[in-house]
Peer 1: 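Before we start, here is the structure in question, set down as structure tokens.
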Amino acid sequence: QVQVVESGGGLVQPGGSLRLSCAASGSIASIYDMGWYRQAPGKQRELVAAVTSGGSANYADSVKGRFTISRDNIKKTVYLQMNSLKPEDTAVYYCNVDLSVWSGHWVGDRRNYWGQGTQVTVSS
């Protein structure tokens, strides 16, 4: 019943910018934490940035000062603005949303949901 869809990935030159979007839809009761992860070939998936329902954000050291995470609670969307992109930023980026859903007249358990991933390639 919940769908999480990312968009905005693509090919960009070093030093360029890209904005990723992730929209959650369905019978959602509440949205809590939202975050972005990435996974490069041969590497483990890592947390890039996360934002709480209150707007508090955390970033991986490798992206601090370059990336900005934000959210729109009305649109149920989280964004990742990526500036000064480097080749090492190349990866598949995944959105993760921590939320609860409606189950009839009841609020279901708090669970997280993953998007399908979007490819970001930084190359000259």
Side-chain angles (χ1 to χ4, degrees):
Q1 293 185 349
V2 175
Q3 188 174 24
V4 178
V5 180
E6 301 115 328
S7 62
L11 176 65
V12 65
Q13 294 186 344
S17 297
L18 209 59
R19 188 179 75 160
L20 306 182
S21 299
C22 172
S25 62
S27 299
I28 299 171
S30 297
I31 298 180
Y32 307 99
D33 298 340
M34 306 178 83
W36 289 95
Y37 294 73
R38 67 185 181 188
Q39 187 167 25
K43 292 190 174 183
Q44 293 183 316
R45 187 173 299 187
E46 64 175 352
L47 176 67
V48 177
V51 59
T52 68
S53 60
S56 298
N58 292 292
Y59 300 91
D61 289 340
S62 60
V63 306
K64 286 182 179 178
R66 299 188 298 120
F67 291 9
T68 302
I69 189 170
S70 61
R71 62 190 287 167
D72 185 326
N73 292 327
I74 296 175
K75 294 182 178 180
K76 299 182 180 66
T77 300
V78 61
Y79 306 94
L80 185 67
Q81 178 66 47
M82 304 184 293
N83 298 326
S84 302
L85 283 162
K86 304 174 181 179
E88 49 263 45
D89 294 319
T90 297
V92 177
Y93 284 70
Y94 297 91
C95 175
N96 183 270
V97 184
D98 184 24
L99 57 81
S100 60
V101 302
W102 289 110
S103 181
H105 294 109
W106 300 90
V107 178
D109 293 337
R110 179 174 174 174
R111 300 178 179 179
N112 59 17
Y113 296 82
W114 291 94
Q116 79 285 355
T118 184
Q119 176 70 49
V120 173
T121 302
V122 184
S123 177
S124 61

Peer 1: Do Val120 and Phe67 sit in the same hydrophobic cluster, where Ile, Leu, Val, Met, Phe, Trp and Tyr count as joined when their side-chain heavy atoms come under 4.5 Å apart?
Peer 2: yes

Peer 1: CG/Asn83 to CG/Asp89 distance, rounded to the nearest 0.5 angstrom?
Peer 2: 11.0 Å

Peer 1: Transitively linked via ILVMFWY side-chain contacts under 4.5 Å: Tyr37 with Leu85?
Peer 2: no

Peer 1: One pair to check against side-chain contact (heavy atoms from CB on, under 4.5 Å): Glu6 and Leu20. What are the steps and the verdict?
Peer 2: CA-CA 7 Å; Glu6 301 115 328; Leu20 306 182; over 6 Å; no

Peer 1: So which heavy atom on Tyr32 is nearest to which on Ser30, and how close?
Peer 2: OH-CB, 3.4 Å

Peer 1: So, taking the atom named CG in Asp109 and the one named OG in Ser103, what distance separates them when rounded to the nearest 0.5 Å?
Peer 2: 9.5 Å

Peer 1: Quick one: are Ser17 and Gln81 in side-chain contact, heavy atoms under 4.5 Å?
Peer 2: yes

Peer 1: Roughly how far apart are Leu47 CG and Tyr59 OH, rounded to 0.5 Å?
Peer 2: 11.0 Å

Peer 1: What closest approach, in Å, do Ala91 and Ala40 show between heavy atoms, and which atom pair accounts for it?
Peer 2: CB-N, 3.9 Å

Peer 1: So, taking the atom named CG in Leu99 and the one named CE in Met34, what distance separates them when rounded to the nearest 0.5 Å?
Peer 2: 8.0 Å

Peer 1: Can you name the nearest heavy-atom pair linking Ile28 to Lys76, along with the distance?
Peer 2: CD1-CD, 4.0 Å

Peer 1: Okay, side chain of Ser100, backbone of Gly108: is any donor-acceptor separation there less than 3.5 Å?
Peer 2: no

Peer 1: Quick check on the hydrophobic clustering: are Val4 and Trp36 connected, directly or via other members, by side-chain heavy-atom contacts under 4.5 Å?
Peer 2: yes

Peer 1: Check side chain to side chain contact (heavy atoms under 4.5 Å, CB included) between Ser123 and all other residues, then give those that pass, not counting sequence neighbours.
Peer 2: Leu11, Thr121

Peer 1: Are the side chain of Gln116 and the backbone N or O of Val5 linked by a donor-acceptor pair below 3.5 Å?
Peer 2: no

Peer 1: Just checking Gln1: does its CD atom have more than 12 heavy atoms from other residues, nucleotides or ligands closer to it than 6.0 angstrom?
Peer 2: no

Peer 1: Give the minimum heavy-atom separation between Val12 and Gly16, together with the two atoms involved.
Peer 2: CG2-CA, 3.9 Å

Peer 1: What distance do Asn112 atom CG and Asp33 atom CG have between them, rounded to the nearest 0.5 Å?
Peer 2: 10.0 Å

Peer 1: Is there a side-chain contact between Tyr93 and Leu18 (heavy atoms, below 4.5 Å)?
Peer 2: no

Peer 1: Within the distance-only criterion (no hydrogens, no angle test), does the side chain of Gln13 pair as donor or acceptor with the backbone N or O of Ser124 below 3.5 angstrom?
Peer 2: no

Peer 1: Less than 4.5 Å apart, side chain to side chain, heavy atoms only: is that true for Arg111 and Val2?
Peer 2: no

Peer 1: Quick one: pull up CZ in Arg38 and CD in Glu46 and give me the separation to the nearest 0.5 Å.
Peer 2: 4.5 Å

Peer 1: Under 3.5 Å, is there a donor-acceptor pair between the side chain of Tyr94 and the main chain of Gln39?
Peer 2: no

Peer 1: Between Asp61 and Lys64, does any NZ, NE, NH1 or NH2 come within less than 4.0 Å of an OD or OE carboxylate oxygen?
Peer 2: yes

Peer 1: Could you tell me which non-hydrogen atom of Asn73 sits nearest to which non-hydrogen atom of Arg71, and how far apart they are?
Peer 2: OD1-NE, 2.8 Å

Peer 1: Going hydrophobic residue to hydrophobic residue with side-chain gaps under 4.5 angstrom, can you get from Tyr79 over to Val92?
Peer 2: no

Peer 1: With a 4.5 Å cut-off on side-chain heavy-atom distances among I, L, V, M, F, W and Y, is there a chain of contacts connecting Leu80 to Val122?
Peer 2: yes

Peer 1: Could you report the tightest heavy-atom contact between Val97 and Cys22, atom names first, then the distance?
Peer 2: CG2-SG, 4.3 Å

Peer 1: Tell me if the CZ atom of Arg110 is crowded by more than 12 foreign heavy atoms within 6.0 Å.
Peer 2: yes

